[in-house]
Structures are given as structure tokens and as C-alpha cells.
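Below you'll find the structure, written out as C-alpha cells, and then a few comments.
The model shown is predicted, which means the values in this text are computed figures rather than measured ones.
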Number of protein chains: 2
Amino acid sequence: MPAASAAQGRSTGDVGVRRRRAGRPSAAVLDKAGITAAALELISRKGYDGLTMAALAKQLEVAPSALYNHVAAKRDVLLLLEDHLTSLVDVSGFGAAAWEDAVRTWAWSYRNVFAEHTPLIPVIAVLPVTDAPQTLAMYETVSKGFIEAGFPQEQVVPAIVALESFIFGSAYDVTAPEDIFESGSLAESTPHFTAAVRSSASAAGWASAGGERGRPADTAFKLGLELLISGLGALRG
Amino acid sequence: MPAASAAQGRSTGDVGVRRRRAGRPSAAVLDKAGITAAALELISRKGYDGLTMAALAKQLEVAPSALYNHVAAKRDVLLLLEDHLTSLVDVSGFGAAAWEDAVRTWAWSYRNVFAEHTPLIPVIAVLPVTDAPQTLAMYETVSKGFIEAGFPQEQVVPAIVALESFIFGSAYDVTAPEDIFESGSLAESTPHFTAAVRSSASAAGWASAGGERGRPADTAFKLGLELLISGLGALRG
DNA sequence: AGCACTAAATGAATAGCATTCATTTACCAG
DNA sequence: CTGGTAAATGAATGCTATTCATTTAGTGCT
């Protein structure tokens, strides 16, 4: 909303396209929240390919170079996005529901948020948590949930990292085309795989007959997640 | 090796830097195998940032535009890399060892190969297997191993996808800096997480005292993988 | 009040990127 | 020998992130 309202709010009653003259404006036009919101808006309209510094500047009605007063590089914009999106992940189960249910809710929510933002995954994976306060807050909530559920302290981080790895990998799956496993003309040389693909496709269709959309990625995610949850659950003291 | 030997093998005895004149050469300079090898060489020296079409052309002693007679776009180069690397993944356990051991070998090898090539992961995840014969061959071997180990056919693909998701996510972890979880100045506001990070760090150090390098990523990978293997093992008929 | 300093904008410039195109040359099929 | 196709060069294109000089506004000091 800062992005949209940036078009208004100028003291002169000029029409939209009028350019700002050089020099520092009386009220700052840009801030990190506005940049984040504009980036999100841009991504939802044009995808990550459309997220260029020039396009972002245009969305904010600003010269591209102005962005560099607020971020050191494009990577910082991705970092702002990452931290914002993390705050959308549902951690409400921890402390409120059984550990299993809390993890389930968190993991599905986490995967769904980043399935729409897979280009951020390489950024997150290498990102020191210091630079991302919301992300750190999520880890704190989740860690607390694990410890209070009886996990030995030294197992908490490995357990979370294992879950997160699975979640990030699964987020990519969501974006894959449905026919990704169609082996085409080479089907004859891969009989076991081809048969397995066919039978899992029909099984997924059957399982989702109850109304919910059962995409292949969901089947695999559910399978892996439930195995991890029950396996990890056994580690609690 | 095609990349290195490309420098030699010209009929004229000219010194290295001499330019080829325009027009089709008597013997083709480029082919997909050579492009793949040159790309690998380049990546190992300069990393993925150094893998540009211009640099690749230079490595092959060719004009950049020449590459486009063999690949339609840079993405095709990444695809060549992906398929080549997949052929390096160790599937020798399937059919030779117990299912658990075969999966363990495969998963560690798969993770290690792509940990060095994380920029390819977004490519693989969306890649129809039709375009990658080596990858398809790997799936066939693994599928066969699963079916012969007693898996119900419709569970094979979800099981493999779940494992793969975990593997790809874990490959990113390997590249993360060791201090990625140091919460720095915000440590006081995240007591549970901070404590968990500290105790897992010392536990990992202890566990690896036997000589082997026990990086944090390895601890989490082992944990998750063993849980998945034993959970999946229970699905066999 | 006047003055230095800093912050936040513009606009012009830069280097590097993937990709395209016209052109040249070599081989092959008729 | 003659057309067509494949594979190279070299020049050009448009887009990219980023930098820099410049302008202007506000803040703190004396």
C-alpha cells in the first residue's frame, strides 16, 4: 500500500506523470517498508523476472539510483522480501497445540509461502540470521516449541534444519510442471520408472477425490513430512 | 578434456592466441560434450558467477555467437551440466546391497554432487525428464531398486520425490557459512534458539572427534535421511 | 542567524550480460 | 558444378545492476 499511495500525497496538485525535480524532497519518498511492498506488488504482477531495479524504481515513481540510498544492492531487496515473507509463516501452533500439529501447520505454511517465491530460497539458505530479524523470531518460536515439547537441546537445531531442508526442496516441487515425469520417447527403456509414474498419478487422483486438490507435489510433501514428524517425535525426552 | 585439447589440434602451427578466420572450419570445433567440459572447468576455476557465455566461448577459443549453433540459450548449457552431473551420482547400491544401504549411498552422493552446483537446483526442479536422458536413467535405476525392495508401485514416485526434495534442500545447507546461526546482538531476545545453537555446535564437535569432519549440515542431513529411510522402509510390502 | 554536514533525490554514464544477425566458409547431395 | 545446410566470425542490440556528480532539504553547532 505504500507503493500505491506513493503516487498521491504530493503537495502540488499535479497529474501523475509529472517528474520530481532533483534534490532532496521535503518528505522522504522511499523507505524499506515501501520498497518491500512495491517489490511484492511487482512480483505478483510480473514474476521475479520482472523484479529489476529499474522496474522497482518505476513502481515507486523514483529514479533507479534513488533505491541505492536505502539498499546497497539488489540482494538487499531480496533480503527484505525474505524477512517479510517469513513473518507470514504460521507459527501459531507452537505453545498452543500438540507438537505434531504445530510442526505440521508450520511446515505446510512455510512451504506454501516460499513455493510462490522460490527465487528467494538460494538467498535464505546462505543468509546469516543476524540480517533477518523476523526470520530469527521464527526460529526462536520454533525452538521454544521444540524444547518445551521435550527435545534435548542439542537436537533442536539439526531437527529444524532437516525439516527446513525438506521444506525448501519441496517448495521447488510445487512449481514444477505436472508432466515433469513424462518420459516421452524414452519410456520403453525405463519401464519401472514409467510404470511407477503412471500408478502414482492415478493414485493421487483417487486420493484427492474428496474435493481437495491433490497435486503430486502435495502427496510427496505429506509423505515426507509425516515421516519426519513421527521420526523426530521419537527423539523427545 | 575436449576443452583443453581444443587449444591444440589445429593444422597450422600457429601460437595459441591466433584467431580463426570467419567461415565454417574443416573440423567442427564445438560439440555438446566439449561445451559441458569447458563449462565444468570454468565453474571449478571461477564459480557460477564466472560462467558467462562470453567466458565459456573464450575457454573454448571461439566467438560467443558460435555457442548458439549448439545450444539455444544459456539454460541449455545448465541443462547439459545437470545431466552430466547426474551421471556422477552413485546408484551402484541398487540391486547390489540392501535397500537401506543403497538409498543411503545414493542420497549422500546425490547431495554431495549438487552441493557444489546449487545454482543448478532451480533448473533440475522444473526440468522435464525427457530433456535429460542421464537423469531419466538414474530415476529408472532407483525406481527399479524401490520396486524390487517391495514398495507398492504407487508409492515409489512420492517416496523418491520426498527424498529428492530433502536432498536438494540439504545441498544448499552445505554451502551456508558456519556461523549462519549466530544471532549476534539479538541473542538476548532469542534465548531458546541461542541456547540450542550453542549446544548443537558443541555436540557436533564432539561427535566428529573421531577424525571425520562433522559439519553442521552433515549432522542435519544424516538425521533427516535416517528418519526418512526408516520411515519409508516401513512402507514395503 | 549563519554554517557545515548529512540524507535523499535526479540524471547521466558505465561495464557486463545474453542474444541476434549478416556474413563467410566448408562440406555434402544431386 | 551447383544448391543447401552447418558452423564459424564479428558487429550490434537492449537490458541489467551499479556508480557518480549534482542538486536540494533538513539538522545541529556556534
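At least one side-chain nitrogen or oxygen of A/His70 sits closer than 4.0 Å to the OP1 or OP2 atom of C/dA9.
The distance between atom CZ of A/Arg75 and atom C1' of D/dT18, rounded to the nearest whole Å, is 16 Å. Separating the CG atom of B/Leu60 from the C1' atom of D/dT9 is a distance of 15 Å, rounded to the nearest angstrom. The separation between B/Leu30 atom CG and D/dA6 atom P is 16 Å, rounded to whole Å.
Ring planes of B/Phe94 and B/Phe146: tilted class, angle from 30 to 60°. Using bins of under 30°, 30° to 60° and over 60° for the plane-to-plane angle, the ring pair A/Phe221/A/Phe166 lands in the parallel bin.
Nearest nucleotide to the side chain of A/Arg20, out of C/dA9, D/dT19, C/dT20: C/dA9. Which of D/dT18, C/dT10, D/dG10 sits closest to the side chain of B/Ala63 comes down to D/dG10.
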Every protein N/O within reach of nucleotides 14-18 of chain C N/O, cut-off under 3.5 Å:
| residue | atom | partner | partner atom | Å |
| --- | --- | --- | --- | --- |
| C/dA18 | OP1 | B/Met53 | N | 3.3 |
| C/dA18 | OP1 | B/Lys74 | NZ | 3.1 |
| C/dA18 | OP2 | B/Met53 | N | 2.9 |

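Residue pairs meeting the salt bridge (charged side-chain N to carboxylate O under 4.0 Å, His left out) criterion with at least one partner in residues 106-125 of chain B, sequence neighbours excluded, are B/Arg111-B/Asp218.
Contact annotation: side chain of B/Asn69 to base of D/dA6, donor-acceptor pair absent below 3.5 Å.
With no hydrogens or angles considered, a side-chain donor-acceptor pair links B/Thr135 and B/Glu82 at under 3.5 Å. B/Tyr172 and A/Glu164 form no side-chain donor-acceptor contact under 3.5 Å, judged by distance and modelled atom types alone.
Side chain of A/Glu140 to backbone of B/Phe193: a donor-acceptor contact under 3.5 angstrom is found.
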